[in-house]
Protein chains: 2
Amino acid sequence: MLTSSQQQLLRVIGQSGPSSRTVLAASMGLSKAAMSGIARDLISLGVLHETETVQGQGRPSILLDLHPEGAFFVGISLLEDPAPMVLSDFNGNILARQTMPLSRDPDVIAGLIADTLPKLLAGRKDAKQKLQGIGVALSGFVDERQANCVQSTLLGWQDVPLANIIRRKCGIDTFIENDAKAVAVSEKLFGSARDVQNFSVVSFDDGIGCAHFIGGKLYRGNHGGAGEIAHCTIEPGGAPCRCGKRGCLDTVASLRAIKEMAKAEGLSCHSIEDLETEAALGNAAAVRILHRAGNALGLAIAHLIQFNDPGMILIAHVEGRFDGLFGTVMRQTAEANVLPRYAGQTPIRTHRVDGDVWARGAASIAAHNFLIGPNAN
Amino acid sequence: MLTSSQQQLLRVIGQSGPSSRTVLAASMGLSKAAMSGIARDLISLGVLHETETVQGQGRPSILLDLHPEGAFFVGISLLEDPAPMVLSDFNGNILARQTMPLSRDPDVIAGLIADTLPKLLAGRKDAKQKLQGIGVALSGFVDERQANCVQSTLLGWQDVPLANIIRRKCGIDTFIENDAKAVAVSEKLFGSARDVQNFSVVSFDDGIGCAHFIGGKLYRGNHGGAGEIAHCTIEPGGAPCRCGKRGCLDTVASLRAIKEMAKAEGLSCHSIEDLETEAALGNAAAVRILHRAGNALGLAIAHLIQFNDPGMILIAHVEGRFDGLFGTVMRQTAEANVLPRYAGQTPIRTHRVDGDVWARGAASIAAHNFLIGPNAN
DNA sequence: TTGATTTGTTTAATTCCTGAACTTATGGTC
DNA sequence: GACCATAAGTTCAGGAATTAAACAAATCAA
């Protein structure tokens, strides 16, 4: 376990990139002397290392950066079958991959992780000792200690203390998190939101997820439900949703909804790319579907901006494109529905992510707990 | 200036009410020894005092509480003319009132405050020495240091360093804040949100304001615009708004909008109370207006809950009632448009506030900076 | 070569906090 | 009423984190 100053230092370096001791001391409000000691400790722990020296006037400064090989983390996604399991370093680089069968039994999951772990670490003799944590991403609600799954429809769980079960079985610190929140953490630690204090990540997939970072910290809400924009009413009186109400964003703008609408219109599109092509060729039904979906997502994002004034909106999508009609309408609607004073002030970035998102997100939860400390403080 | 441990102690007492040293030590994660010293210092500063003793098994415990007379704060509202100016204690009790003419010239305002201050403090010889800060509430955007007014349409300001101007003139620490955010802070320090970490306050008046507390701290957003729900699009393609877009919540559900709609319908109602009475008597136009307004506000609140999952929504209103059609529709719409799993999980409280809200809110900004420290940290 | 300049380290002093022993004030029990 | 159990709060020595100030190191500029 690191001291709070050590964690603060790692956090600052993670946000601002490689910096000299003097700069770090200033930005943390500490003396050079204190900085010197903290840096020395972290370097001897193998977590930090000196990189290049920068020449200026006076003695050159030595930049300190996270040592990529300083700590390893394991991430497991319980969103897919088979469940991917990755080994990640400090920078979110994936060093090894394995898969394991998906189970709904927590004890079986813990057993499978314990069995697969040696394979994942194979060939790295320092890995086991430098493995600092396991992270698990799942669909559902997780408590603020990132230990218990309060409820998961997909896994059929209710108050399952998954983290402790895995911890006991594997002997390694374990944290679990909701899928969308894990992606947000990974964007904060490894991605393009490193230096942004307030932002929201929208994960666009079969369903729509969202998570907020506020004040540099993941905000989970009072019941762990912050960011559940999928079920905000975007078309009052609209189509019924699986959740029981009507007109949810999820019924109009999710990848699943778009595909279903295309199918219902008799279009033979299997992907949003096909639908965009059809729309570009003038197919009225395709245009209508994409327009409606883009409009809905844009309005939801406008509300997000208007309500929370984030520094950035990041849309992470595995499938789909945002450079066609759908994305254009989404952006236009978002801009048109925020205070004109704010229009264009909040960057909306889209980010096509690879199939490792969920597992990498899971690993980032473990990294977050090591670097920044437990989310609840 | 207090140490961070002292501030933490004041914060905890403010949230949990009078507590014994042992309880406080436990809830702050400190040893009894440390607590003893911190409490001793704050008592000798006159900020804390011992209240009743509680008998249990063993030695009775002595409850510590904020000493109401331990510190005074001045609050000024620049929302009304004449501008009210109040003297407040630690508990938000108003000890004295004055008014001063409203001006749009920052230097004139500072001069007026300096002139009125002695009258406000008259008859309290310890007040001047125990006066710990001045807070100013205004309509507009304020920077995160609560020092500069970035923009105010009402006052015609752009980047006005009001806090420093007043500080120089009066020699007392000064902080400024947006009106709705000031009300939220006052509910956190003095009101019913004391022990809630995450909540949103909606101020319902001629306009609609809103502010969020997240993680026990005021969240101002990246441009100071967090909580601006008045201009979220609630009726796409609806009536044009002063802000330049259409269908804003403000055009349908604000007190001003309701009155204007009533006037446009030829109703002779001068207050929402009259309108409620008309509606109860079966006046179709009155019913329609209240229904539409309640529906709009309810939907906005549903979005607030769905997006941010706060522990409480607090509606602070000077005029109006929430026990009639308007309030009922608002609550029903809010409940009907959140995930059924969450329906009823987020208390929506309404709170009729007196005419001192804004000035008291302003004073709470000063108190907040004394008790909890600057908002930016 | 010398001085200016800035980085980073060392050292002693200081602040804040902890653990352990202690004092204080009560209730309960014989 | 004497005595013990119990819990609150205090005192005090020691330890960890931090600072200020002096110092050493590494470069540039004249």
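Letters go in sequence order (proteins before strands), and every chain restarts at 1.
The CG atom of B:Asn198 sits 8.0 Å away from the CG atom of B:Asp309 when rounded to the nearest 0.5 Å.
Taking the six-membered ring where the residue is Trp, A:His368 and A:Phe213 present perpendicular rings, their angle passing 60° and hence far from 30°.
When rounded to the nearest whole Å, the span between CG of A:Leu9 and P of D:dA17 equals 14 Å. Between A:Leu24 atom CG and C:dG8 atom C1' the separation is 13 Å, expressed in whole Å. For B:Gln6 and C:dT15, the CD to P distance is 13 Å, given to the nearest whole Å. Atom-to-atom, CD1 of B:Ile62 to P of D:dA7 comes out at 17 Å; the value is rounded to the nearest Å. As a whole-Å value, the separation of A:Arg40 CZ from D:dA17 P is 13 Å. Summarising the geometry, the separation between CG on A:Leu64 and P on C:dT7 is reported as 13 Å, rounded to the nearest angstrom. One interatomic measurement links the two molecules: CE of B:Met28 to C1' of C:dT18, which rounds to 14 Å at whole-angstrom precision. Rounded to whole Å, the distance from CE on B:Met35 to C1' on C:dC17 is 13 Å.
The side chain of B:Ser61 has D:dG9 as its nearest neighbour among D:dG9, D:dT27, C:dG8. Among the nucleotides D:dA26, C:dT10, C:dT18, the one closest to the side chain of B:Leu30 is C:dT18. Candidate nucleotides D:dT18, D:dT11, D:dA7 were compared by shortest atom distance to the side chain of B:Ala33, and D:dT11 ranks first. Between C:dT9, D:dT6, D:dA8, one nucleotide has an atom nearer to the side chain of B:Gln57 than all others, and that is D:dT6. Proximity note for A:Thr3 (side chain, C-beta onward) versus D:dG9, D:dT27, D:dA17: the nearest is D:dA17. Of the candidate nucleotides D:dT27, C:dT26, C:dT10, C:dT26 has the atom nearest to the side chain of B:Gln55.
An OP1 or OP2 oxygen of C:dG27 is reached within less than 4.0 angstrom by no side-chain nitrogen or oxygen of B:Arg59. Contact check, B:Arg21 against D:dA7: no side-chain N or O comes under 4.0 Å of OP1 or OP2. Residue B:Ser31 places none of its side-chain N or O atoms closer than 4.0 Å to OP1 or OP2 of C:dC17. A:Ser36 has a side-chain polar atom (N or O) that falls below the 4.0 Å cut-off from OP1 or OP2 of C:dT9.
Contact annotation for B:Gly37: no contact, since no heavy-atom pair falls under 4.0 Å across all strands. In this structure, B:Thr22 reaches the sugar-phosphate backbone alone: every heavy-atom distance under 4.0 Å involves primed, P, OP1 or OP2 atoms, never a base. Using a 4.0 Å heavy-atom criterion, one finds that B:Thr53 contacts no nucleic acid atom at all.
The 5' end of DNA chain C is approached more closely, in terms of each residue's nearest nucleotide, by A:Gly58 than by the other of A:Ala34 and A:Gly58. Between B:Lys32 and B:Ile38, the residue whose closest nucleotide on DNA chain C is further toward the 5' end is B:Ile38.
The side chain to side chain contact (heavy atoms under 4.5 Å, CB included) test with A:Ser5 is passed by exactly one of A:Thr3, A:Leu2, A:Leu9: A:Thr3.
Between the side chain of B:Lys188 and the backbone N or O of B:Val196, at least one donor-acceptor pair lies under 3.5 Å. Judged by distance alone, the side chain of A:Asn148 and the main-chain N or O of A:Asp159 form no donor-acceptor pair under 3.5 Å. In this structure, the side chain of A:Ser31 engages the main chain of A:Ala34 through a donor-acceptor pair within 3.5 Å.
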